[in-house]
Amino acid sequence: NTCPGCGSHYRDDELDKTLRVCPQCGHHFPVRARDRIDQLADPGSFVEEDAELRSADPLGFFDLRPYAERLAEAEVATGLGDAIVSGAAMIEGERCQLAVMDFAFMGGSMGSVVGEKFARACENAAAANAPLISIAASGGARMQEGILALMQLPKTVCAIEELHDSGGALLSVLTHPTTGGVLASYASLGDVVLAEPGALMSFAGPRVVAQTTREKLPDDFGRAESNLRFGHLDAIVPRAELRTTLARLLRLFGKS
């Protein structure tokens, strides 16, 4: 593990001790979904839900390889059924629902299963009278599912509206990167929106925007710090403080 910020080298066990944050420069390395849950949830409190859901291949999509083959490869490589893990948990004794994305599964792309699991997480949060915490890490909608993936944008937005109608709350945490359709839908709609330092959060990446506009972009274009200045975020929270911050918010938004 070489830090892109300062060039320091680390073993996995060294990074695990610092929650995968470089102790020299503060660069936040990516975190897998189950590791994130372990960092946030009280030990033994997480109960996974809807783990059996799997993506289908209704379009028979084929690029260099069949979509079904890519799905099977991602499942073997990550040990996940799709790019999101959801379930009930406790954080510092406060009840919540968690919906945590994993960028390692096909770039954290949102297909039908991701949208369905997020919508069910909203329903479960409403039924349990507990806030929903979303941890986003995504390259956007999954192109192999075409319009079915794009329809997950309004589906997740409607699920949040129903959660709000029930009196529930969404706490959204944006990690690096959160882009495309996920940013354009549920990730931006939290009652409180947080981000990790340096996280890229823009609909398109800086290179695409620069090529389209033919303009030189600021060095921090699309980064959490830039979005905070423009009012798109409520706060930037270092990973070491995230559990405590979310617990405080759960006490504010939770129901007895």
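Below, each value reflects all heavy atoms present in this structure, side chains not excepted, and no hydrogens, waters or symmetry copies.
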Exercise for the section: Establish whether V114 and L148 are linked, either directly or via other cluster members, by ILVMFWY side-chain heavy-atom contacts under 4.5 Å. Expected result: no
Handout entry: Note: E48-R34 ion pair, threshold 4.0 Å (strictly below)
Key = yes
Handout entry: Heavy-atom donor-acceptor pair, R20 side chain to K17 backbone, under 3.5 Å
Key = no
Fill in the blank from the handout: CG of N227 to CZ of F221, rounded to nearest 0.5 Å, is 8.5 Å
Problem - Heavy-atom donor-acceptor pair, H27 side chain to C3 backbone, under 3.5 Å - result: no
Handout entry: Non-hydrogen atoms of A121 and L132 that approach each other most closely
Key = CB-CD1, 4.0 Å
Exercise for the section: Report yes if some heavy atom in the side chain of F46 is under 4.5 Å from a heavy atom in the side chain of D38; otherwise report no. Expected result: no
Practice task
Using the side chain to side chain donor-acceptor pair (under 3.5 Å) rule, pick out the option among H28, E196, Q39 that qualifies with R239.
Solution key: E196
Practice task
Answer yes or no: is there a donor N or O on one side and an acceptor on the other, between the side chain of R223 and the main chain of G198, under 3.5 Å?
Solution key: yes
Exercise for the section: Using atom types as modelled and distance alone, determine if a side-chain donor or acceptor of T175 lies under 3.5 Å from a backbone N or O of A136. Expected result: yes
Handout entry: Cluster overlap L163 with L189, hydrophobic side-chain contacts below 4.5 Å
Key = yes
Handout entry: E161 CD to C122 SG distance, which is reported to the nearest 0.5 Å
Key = 10.5 Å
Practice task
Could you walk me through whether V208 and T212 pass the side-chain contact (heavy atoms from CB on, under 4.5 Å) test, one step at a time?
Solution key: CA-CA 6 Å; V208 174; T212 303; 4.2 Å; yes
Practice task
Go through the steps for R70 and D63 under the test salt bridge (Lys or Arg N to Asp or Glu O under 4.0 Å), then give the verdict.
Solution key: CA-CA 10 Å; R70 292 189 183 276; D63 45 19; 3.2 Å; yes
Handout entry: Salt-bridge criterion met for E92 and R251 (N-O under 4.0 Å)
Key = yes
Practice task
Look at atom CG of D13 and say whether more than 12 heavy atoms of other residues, nucleotides or ligands are closer to it than 6.0 Å.
Solution key: yes
Exercise for the section: Apply the test side-chain contact (heavy atoms from CB on, under 4.5 Å) to residues S202 and L200: give CA-CA distance (whole Å), side-chain angles for both, the deciding distance (0.1 Å), then the verdict. Expected result: CA-CA 6 Å; S202 62; L200 176 65; 3.8 Å; yes
Problem - Main-chain N/O of M90 paired to S45 side chain as donor or acceptor, under 3.5 Å - result: yes
Practice task
Check whether F253 and V173 end up in the same hydrophobic cluster, where Ile, Leu, Val, Met, Phe, Trp and Tyr are linked by side-chain heavy atoms less than 4.5 Å apart.
Solution key: yes
Practice task
Work out which heavy atom in A187 is nearest to a heavy atom in L183; give both atom names and the distance.
Solution key: CB-CA, 4.1 Å
Practice task
Report yes or no: does T178 contribute a side-chain atom to a donor-acceptor pair with the main-chain N or O of L174 at less than 3.5 Å?
Solution key: no
Problem - Side-chain donor/acceptor of T244 to backbone N/O of E241, under 3.5 Å - result: no
Problem - Taking every non-hydrogen atom, the tightest pair across M106 and A74 - result: CG-CB, 3.9 Å
Handout entry: V209 side chain reached by E215 side chain, heavy atoms, under 4.5 Å
Key = no
Problem - Nearest atoms (heavy-atom pairs only) where A224 meets A195 - result: CB-CB, 3.9 Å
Practice task
Show your reasoning for whether salt bridge (Lys or Arg N to Asp or Glu O under 4.0 Å) applies to R229 and D220.
Solution key: CA-CA 11 Å; R229 288 200 307 272; D220 64 351; 2.9 Å; yes
Problem - Side-chain heavy-atom pair V193, H232 within 4.5 angstrom cut-off - result: no
Exercise for the section: Could you tell me whether the side chain of E14 and the main chain of R11 form a donor-acceptor pair under 3.5 Å? Expected result: yes
Problem - Side-chain touch E73/L71, heavy atoms, less than 4.5 angstrom - result: no
Handout entry: Option from I133, L242, L249 for which side chain to side chain contact (heavy atoms under 4.5 Å, CB included) with I91 holds
Key = I133
Practice task
Report yes if the distance between the aromatic ring centroids of Y67 and F62 is under 6.0 Å, otherwise no.
Solution key: no
Practice task
Apply side chain to side chain donor-acceptor pair (under 3.5 Å) to the pair S185 and Q152, showing each step before the final yes or no.
Solution key: CA-CA 9 Å; S185 57; Q152 304 312 307; over 6 Å; no
Exercise for the section: Apply the test side-chain contact (heavy atoms from CB on, under 4.5 Å) to residues I236 and L194: give CA-CA distance (whole Å), side-chain angles for both, the deciding distance (0.1 Å), then the verdict. Expected result: CA-CA 6 Å; I236 296 174; L194 309 174; over 6 Å; no
Handout entry: Distance, nearest 0.5 Å, that separates CG of L150 from CZ of R142
Key = 13.0 Å
Completion exercise
Looking only at heavy atoms, the pair that brings R95 and L250 closest together is O-CD2, 4.1 Å
Fill in the blank from the handout: Here the gap from L59 atom CG to E145 atom CD, rounded to the nearest 0.5 Å, amounts to 7.5 Å
Handout entry: Donor-acceptor contact below 3.5 Å, side chain D35 vs main chain V31
Key = no
Problem - Over 12 foreign heavy atoms within 6.0 Å of CZ, R207 - result: no
Practice task
Indicate, with yes or no, if V100 and M110 share a hydrophobic cluster defined by side-chain heavy-atom contacts under 4.5 Å among Ile, Leu, Val, Met, Phe, Trp and Tyr.
Solution key: no
Handout entry: Flag side-chain contact, heavy atom, 4.5 Å: S134 against L170
Key = yes
Problem - Distance (rounded to the nearest 0.5 Å) between D82 CG and S55 OG - result: 4.0 Å
Exercise for the section: Answer whether the closest heavy-atom distance between the side chains of L15 and V21 falls below 4.5 Å. Expected result: no
Practice task
Provide the closest heavy-atom pair for R243 versus D42 in the form atom of the first, atom of the second, distance.
Solution key: NH2-OD1, 2.8 Å
Handout entry: Heavy-atom side-chain contact between F29 and H176 under 4.5 Å
Key = no
Exercise for the section: Could you verify whether a donor N or O on one side chain and an acceptor N or O on the other, from S86 and Q97, lie under 3.5 Å apart? Expected result: no
Handout entry: Nearest-0.5 Å distance, CZ of residue F103 to OG1 of residue T179
Key = 7.0 Å
Handout entry: Side chain K117, main chain I84, donor-acceptor under 3.5 Å
Key = yes
Problem - Close side-chain approach of M101 and V85, heavy atoms under 4.5 Å - result: no
Practice task
Report the C-alpha distance between C22 and Y10 in whole Å, list the side-chain angles of each, state the deciding distance to 0.1 Å, and finish with yes or no for side-chain contact (heavy atoms from CB on, under 4.5 Å).
Solution key: CA-CA 9 Å; C22 175; Y10 301 100; 3.1 Å; yes
Problem - Co-membership, hydrophobic cluster, residues L252 and V192, 4.5 Å side-chain - result: yes
